[in-house]
Amino acid sequence: MKKNCEQWMEEYLMLDKNQKIPAKLSMHLISCKKCSAEIKALSYAEKLSSAPLKIKTPVKSDTITNLMNEIEPGYMEKRQKGSLASWIIMGLLMIIAMSFFTIITSGATDHKVMFAFYAIFALCVVGYCASFIGLNLDFFIKKVNTIAL
């Protein structure tokens, strides 16, 4: 029994994305202009729908902020109004503190105290970096450009 175009299209649509097309279906698509045109149109539609929108949204008004407040009350209170200046100042203070301690203890002979200080300082640097990334995670996520394969 011969399949009609509708049955061939159902078989094509049942395939997973990037799955190899069976030989019989490929032969039908080569010989049937209607089905091949429909598949080209579907592929083009999928490509267009997965592309980012190129419509510019005006951010001059408070419409987006008001909408977010309606969706999630208290949205504005949750937003952080911090700047990177405090992070830079803290980082510089840590570097100055380590330099100051190194200068003061340059003549020290107790290596256990020096090791303990540098271990504690290393933990402070790790904690500083982790908290910086953790608290500014949405900033880093927005800057990452991901490409779907």
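The figures that follow rest on heavy atoms only: side chains count, while hydrogens, waters and symmetry mates do not.
The stretch residues 111-121 participates, sequence neighbours left out, in these side chain to side chain donor-acceptor pair (under 3.5 Å) pairs: Thr102-Tyr118.
Met98 and Phe121 get closest at one heavy-atom pair: SD-CE2, 2.9 Å.
Under the 4.5 Å side-chain heavy-atom criterion for grouping Ile, Leu, Val, Met, Phe, Trp and Tyr, Phe100 is not connected to Leu93 through any hydrophobic cluster. Under a hydrophobic-cluster definition in which Ile, Leu, Val, Met, Phe, Trp and Tyr are linked whenever side-chain heavy atoms come within less than 4.5 Å, directly or via other members, Ile95 and Val126 are assigned to different clusters.
Remark: the backbone N or O of Ser43 is not paired with any side-chain donor or acceptor of Glu46 at under 3.5 angstrom.
With rounding to the nearest 0.5 Å, the separation of OH in Tyr12 from SG in Cys5 is 14.5 Å. Atom CD1 in Ile120 sits 10.5 Å away from atom CZ in Phe115 (nearest 0.5 Å). Note that CH2 of Trp8 is 14.0 Å distant from OG of Ser36, once rounded to the nearest 0.5 Å. For the atom pair CG (Leu29) and OG (Ser31), the distance works out to 8.0 Å, reported to the nearest 0.5 Å. Taking CD of Glu11 as the start and CG of Leu13 as the end, the distance is 10.5 Å to the nearest 0.5 Å. One finds the SG atom of Cys124 at 8.5 Å from the CE atom of Met90 (value rounded to the nearest 0.5 Å).
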Taking only distance into account, with no hydrogens and no angle test, what donor-acceptor pairs under 3.5 Å do side-chain atoms of residues 20-27 form with protein atoms, sequence neighbours excluded?
residue : atom : partner : partner atom : Å
Ser26   : OG   : Pro22   : O            : 3.1

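Counting heavy atoms of neighbouring residues, nucleotides and ligands inside a 6.0 Å radius, atom CD of Glu6 does not exceed 12 of them.
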